[in-house]
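Worksheet: the structure to be examined is printed underneath.
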Amino acid sequence: MPLSEFQLIQRYFASLDSAPQVALGVGDDCALLELPPGEQLATSIDTMVSGVHFPEDARPEDLAWRAVAAAASDLAAMGADPLGMTLALTLPDANERWLQGFAEGLAKVAEVFALPLVGGDTTRGPLAVAVQVMGSLPAGSALLRSGAAAGDRLCISGTPGDAAAGLALLQGRWQPPQEFEDYLRQRFYRPVPRITLGRSLREIASAAIDVSDGLLADAGHIAYSSGVRLAIDAALVPLSPALAAAAGGQALQWALAGGDDYELLFTLPAGVALPAQCTVIGAVTSGDGVDCLDSPGIATGYEHFRSGGQPV
Ligand code: ADP
Ligand code: MG
């Protein structure tokens, strides 16, 4: 007998909702969350469609991780503390093996990033996963895209480009030396939202964004919102040892234009110390747009609905 929607929710999605801030979790018409006094709610949603945002043969555990991590990355980019999430799941059928794997992945990522699953929606249709995240931060303290000023340094966390290389590997478009395969696949399927970093940047950075569409494209959003020019020095962009060794000249292309890294790109006023595992890659000047020195022929990041954009 196929599972009813109610049974499916009870079996797989009803038990991840306990946390002190959850006054009421799964089971009623709405969940109720406590917001600390004086704090604002930060909320964002991300949808991932099979064959567009992840390969059709993705493992359900990996899919759960990537969907939640991508959504949580928006909280990181605002400097918000995680409060909880909801999940809208569209499934072609109630395949219990798939659901078991997905629920296990979900439980893991929910715990690691302190995001109790407080509700959602379950419908039938082509496989798609939408995760809405909620977070909180002291009123007026959010890290916006609009605060960069001439004289600030442009910085990035981690090593961009690995996820794009991982995707090229998964899609059979590129073959790295075998010793790098696992690392690069993980970087696509298991991105780590920089929540702790984002929280610490709340006090010191002038602007921030998470890199989902590609470093250059996302830099463009800061430049536009802040009304400044960003000058990136391509030689300063940090590459992981795997990417640098494996991908040769393609490495910089992926680092600048590949998406899906979920690292934080941010601007720091002069005199503020650079946080650990972050690198200065350029400067904020007056003007507009993004300048990338020493990068002839680099395409910008993938934009949805742009004709000719290559779906992942
Ligand atoms: P409603 O019809 O009031 O929207 P539903 O029957 O869709 O409620 O869902 C019942 C309860 O189960 C609600 O609390 C809802 O938030 C929760 N829920 C539904 N689908 C999911 C899911 N995939 N993950 C977590 N909670 C879910
Ligand atoms: Mg209802």
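Counting starts at 1 for both ligands and their atoms, following the listed order.
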| query | Looking only at distance, does Gly27 have an N or O less than 3.5 Å from an N or O of ligand 1? | reply | yes

| Pairing of Asp260 and Arg187 as salt bridge, 4.0 angstrom limit | no

| query | Out of Leu117, Ile9, Leu8, Val118, whose heavy atom is nearest to atom 12 (O) of ligand 1? | reply | Ile9

| message | Any carboxylate oxygen within less than 4.0 angstrom of a Lys/Arg side-chain nitrogen, looking at Arg185 and Glu181? | response | yes

| field | Check: Trp98 ring centroid to Tyr12 ring centroid under 6.0 Å | value | no

| request: Evaluate the side-chain hydrogen bond (donor to acceptor under 3.5 Å, both in side chains) criterion for residues Asp162 and Tyr183: first the C-alpha distance (whole Å), next the side-chain angles of each, then the deciding distance (0.1 Å), finally the verdict. | output: CA-CA 9 Å; Asp162 293 343; Tyr183 170 82; 2.6 Å; yes

| said: For residues 195-205, which residue pairs pass the side chain to side chain donor-acceptor pair (under 3.5 Å) check, not counting sequence neighbours? | reply: Asp81-Arg199

| note | For Asp29, the ligand 1 atoms with a heavy-atom partner under 4.0 Å come out as 3 (O)

| Does an N or O anywhere in Leu89 fall below 3.5 Å from an N or O of ligand 1? | no

| task | Find all atoms of ligand 1 within a distance of less than 4.0 Å from any non-hydrogen atom belonging to Asp28, and give their numbers and elements. | result | 13 (C), 14 (O)

